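The structure appears below as structure tokens.
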Amino acid sequence: MTEADLGLWAIPVAILGGAIRVSTPFLFVSLGEVLTERSGRINLGLEGTLVFGAMAGYALAYETGSPWIGVLAAAFAGSLFGLFHGLICSLPRVNDIAIGIALMLLGMGLAFFFGKPYIQPVAPDLPSIGFGGWSDLPQVQAALRVNVLFLIGIAAAIALWWMFRATRIGLLIRVVGDSTDAARAMGLRPAVIRTLATAAGGAFAGVGGAYLSLFYPGSWNEGISSGQGLMAVALVIFARWNPLACFWAAILFGGAGALGPALQSVGVSEGYYLFYAAPYVLTLGVLIVTSSPTRAMTGAPGELSITK
Amino acid sequence: MTITPFSRRGFLKGGAALAGASALGTLPSLAQADSHGLTVGFIYVGPKDDFGYNQAHAEGAAAVKMMDGVTVVEEENVAETVDVQKSMESMISFDSAALLFPTSFGYFDPHILEVAPKYPDVRFQHAAGLWSADKHPMNVGSYFGYIGLGQYLNGIVAGHMSKSKKLGFVAAKPIPQVLQNINSYLLGARQVDPTITCQVIFTGEWSLAVKEAEATNALADAGCDVITCHVDGPKVVMETAAGRGAYVCGYHANQSPLAPEKYLTGAEWNWPGVYTRMVQTVLDGGTIDNFDRGGLAEGYIKMSPLGSAVTDAARAQFEATKAEMLKGNFAAYKGPLKDNAGNTILGAGDSLVETDISLESMDYLVEGVIGSTS
Amino acid sequence: MADQNPSRGGEKILSPDGWLAALAQRSEAVVLPMGALLAGLAAFGLFLLILGKSPADFYALVYKAGFGTAFSWQNTLSRTAPLLFAALCVALPARLGLVVIGGEGAIVLGGVACGALAGSVSGLPGPLAIPLLALAGALVAGLWIGAVGALRHYRGVNETIASLLMAYIAIALMNHLVEGPFRDPASLNKPSTAPLAAHLRIGDIPGWDVHWGLVVGILSCVVAWVLMERTTWGFAARIAGGNIRAAQVQGLPVGRLILGFTALGGAFAGIAGVFEVAAVHGSANASLASGYGYTGILVAFLARHNPLAIIPVAILLAGFEASSGLLQRRMDLPDATVLVLQGFVFVTILLSETLYGRLRIFSPARWRTNQ
């Protein structure tokens, strides 16, 4: 397969390809976090859930030969972490930010611990669909080879958006997230709803992790994540807790991640570490611009501890 | 005035320590290992089964385990900090290790150099350290293989198999060993076709899966159709490159199980022979050389079997060049040679043999490599 | 979270009938964390049991490799110093209710500053140059974490996320500087800054295999404790930590407190980086980022952000880390085992927070004999 020389056009093609490839974990984790935060809880442990999901997904996919069983396993494992987080945070006087950090460390530790035998074996990959058939250029075809999970993520984003906007369940979650008192007045049990939302959020994060190990980069090792779980939490604030905006934000961050290697491939190689820092700088910049010291951010759930 | 928890905590901890001490007396003595004969310690900076650098060393350790009268202890994922110093000392104190192989480059200075003088009866063997008699203790030795020769052979096969005449190289950091590999790869390919180029992308880390995958994709996007790498664990590069339809050449260890149809050949370390020889020297009461190097001829490196896709012409040139190398003193770098910024490296008629020490401080990329060292 | 000790302090109970009540009240702050620690260790022991490994063997090895021999003690103590500083970087802002977890970045930048400037001060005598380097490292790191505080105060940016992002950025910056502008051309295969001149190196405590960072670290904890418990700044910070808005309304200089405490926490972490360069590595390179910052988070929480408690807790956790090698070799456990253990302990400590003020056994009213 001969590749045509695209010259400088290689950069936007690479960024497009990177945006699609790299954004999927961001998308899933941020959707999960939207669900959790809309119910009034913040889960910073998603980085650990992501890594554990990656390991669990890879392990089960290898053992059973089916990547989809791996994805389900990752979702299940993620929901367990989320459930754990939710239950602990329901107790009085527990600092949910600290618990998030603790579960992040525990999740990573358990993932590395159980994942040792799976560093070498090769697990089956998740399938992908090629949307680039219209182009003769192999690069474009490769960039538009979209993984099925990416499509599922888009569907999930739309579904969540719709859920919050127009369904009863969405309304219940929003009420619990905006005001615990109002929720109780309505006869709801905020702790239960929050815990379930956190569990579901964890499941999403687990799936995001499975994507990393079962598709891109497609292997399990201890360096599989570079902070995606944490950036996704910041992404949620950037997206103003709107699932559709999460999709665009994820694409943006995915593209930023592809910047470094793309630039090197066209000859810009000065300071490549700084380009690799681009996603973090972008995330920080986004946080700075969208935060405010005095007003609660528009759209922020009232009960969320970091915005009170 | 609140009494701080500190004093109480200290007291309670002391009590716990006393209890622990008495408990230890009744437990099976796990604390002291049985050592029959020689205990050899191996320390890895990453996982032993990374399909790459550490796995190659672990394979060497596995060969040593089979020797009579030798016990092997291993530790993985030891960071290049005080951690490795303490790991070494722990192996010496608790396991009575007399021969240590701390295998990562970064362990040499200052860590091995700090620990070695304290244990003059223990021998420290380091891969790729630049040991010199006037600076370093005598119970330290360094060894390495001329794996650049292997990349040269990779390049020959790649030169035949590439249709786009563009090769790709995913590199970790622009240090001499890596630069030598990149240059050798291209020079090998240019024996086949002098117009071939090689694109290099630096990931900046010895092991970072996401960056390696991105770099491989960027290379494939740029048109490279035979890709190799120098990172600690080549698994991701191999799988991603093969997934993009490119051929791959392996490095460190044999990655052909990862991409059987696309794997051409690979430059591998051959540590089992080297390590068993060194351990046998110690068992026989001798001293290992302080500065030990070897190439293909001496069995320090080896090549993976050629893959099924390799053409006959490639095979023939590969075998012919390999036969040349087996005679020893092969010169991959022959003048006239320029770097990719236009400076002259070697004049016409000059050459650098594999044993030339200046190769170990290489800081340039030869003409034909697209990319820069900084 | 500000110190949750329900003891109101200053309550002196002098009469003999009341000493039991006083003991009950004050011991809560010790017994609960100790109990939580033991619960965490027990839970981890159960985890091992389920996996078919012996908890008794495990803890015996931890003891042996961490505290059992003179070598073990030196191993543990040499790992303690950076943890002390890293924990202060978490504990000081925690007084204000801020959760800052970016100490890793501060350590790294402090080390880079030291490595980069060592050449410029090499003409000066050691006793002058070393404190200057330490100051430089502390300054750079202090500015870094202080920036996190500033972002929190002036822009309302969540400091936990911001500090961790800044840590990633700091590591990228360090890599760039150490391999680029600050690189020593002679450092071929391991890009580093130029090696420190011999008189700038910090040595070991005489007779031990442990460098002076341990002593400076312990002193720093004492200084931090004095600051937090004995100065008006510390007292004001404690009030602000309870409720920042209320403190602002009351006229406390919340902005200055936030900037001050975060910068000071960062400065301490920067000193850890300076010691890593001057006492361990001899130059600044990628090995500076080796996870001390993250373990420091656990130390701080386990010590409930009390700087004096940080000292024994750091020693304990350093002991766990010191035992990792022997655990790998004897019990065939992966190196991540200690990480899992730390995770268990972290979770149980945080869980124990919920029990404060709720267990009647600690309530002074239960023990008072004079009603």
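Lettering of chains follows the sequences in order, A, B, ..., and the numbering in each one begins at 1. Everything numeric in this text was worked out from a predicted model, so none of it was measured.
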Pairs of heavy atoms under 4.5 Å with chain C: top-ranked of B:A128, B:S90, B:G41: B:S90

Engaged part of B:E360 at the chain C interface, taking heavy atoms whose separation is under 4.5 Å: backbone

Chain B contact via C:S72 - which portion, at a heavy-atom distance below 4.5 Å: side chain

Beyond-backbone contact of B:D95 with C:R329, side-chain heavy atoms, under 4.5 angstrom: yes

Between OG on residue C:S287 and NE2 on residue B:H111, distance to nearest 0.5 Å: 5.5 Å

Part of C:D209 lying under 4.5 Å from any heavy atom of chain B: both

Pairwise distance CZ(B:F94) to CG(C:L61) - rounded to 0.5 angstrom: 9.0 Å

Point-to-point distance, once rounded to the nearest 0.5 Å, from CD of C:Q74 to NZ of B:K86: 6.5 Å

Side chain / backbone / both / neither for C:A286 at chain B, heavy atoms under 4.5 Å: side chain

NZ on B:K173 to CG on C:N175, rounded to 0.5 Å: 4.5 Å

C:R79 vs B:D83 side-chain heavy atoms within contact, under 4.5 Å: yes

Proximity breakdown for C:N75 and chain B, heavy-atom pairs closer than 4.5 Å: both

Nearest non-hydrogen partners of C:K190 and B:G106, listed with the distance: CD-CA, 3.7 Å

B:N343, CG: over 12 other non-hydrogen atoms inside 6.0 angstrom: yes

Under 4.5 Å from any heavy atom of chain B - which part of C:T69: side chain

Value rounded to 0.5 Å, distance of CD in B:E80 from NE2 in C:H281: 9.0 Å

Pairwise side-chain contact, B:P174 with C:E179, heavy-atom cut-off 4.5 Å (strictly under): yes

Options B:M91, B:K118, B:E74, ranked by heavy-atom pairs under 4.5 Å with chain C, top entry: B:M91

Proximal component of B:D363, with respect to chain C [non-hydrogen, under 4.5 Å]: neither

Donor-acceptor contact below 3.5 Å, side chain C:Q328 vs main chain B:E76: yes

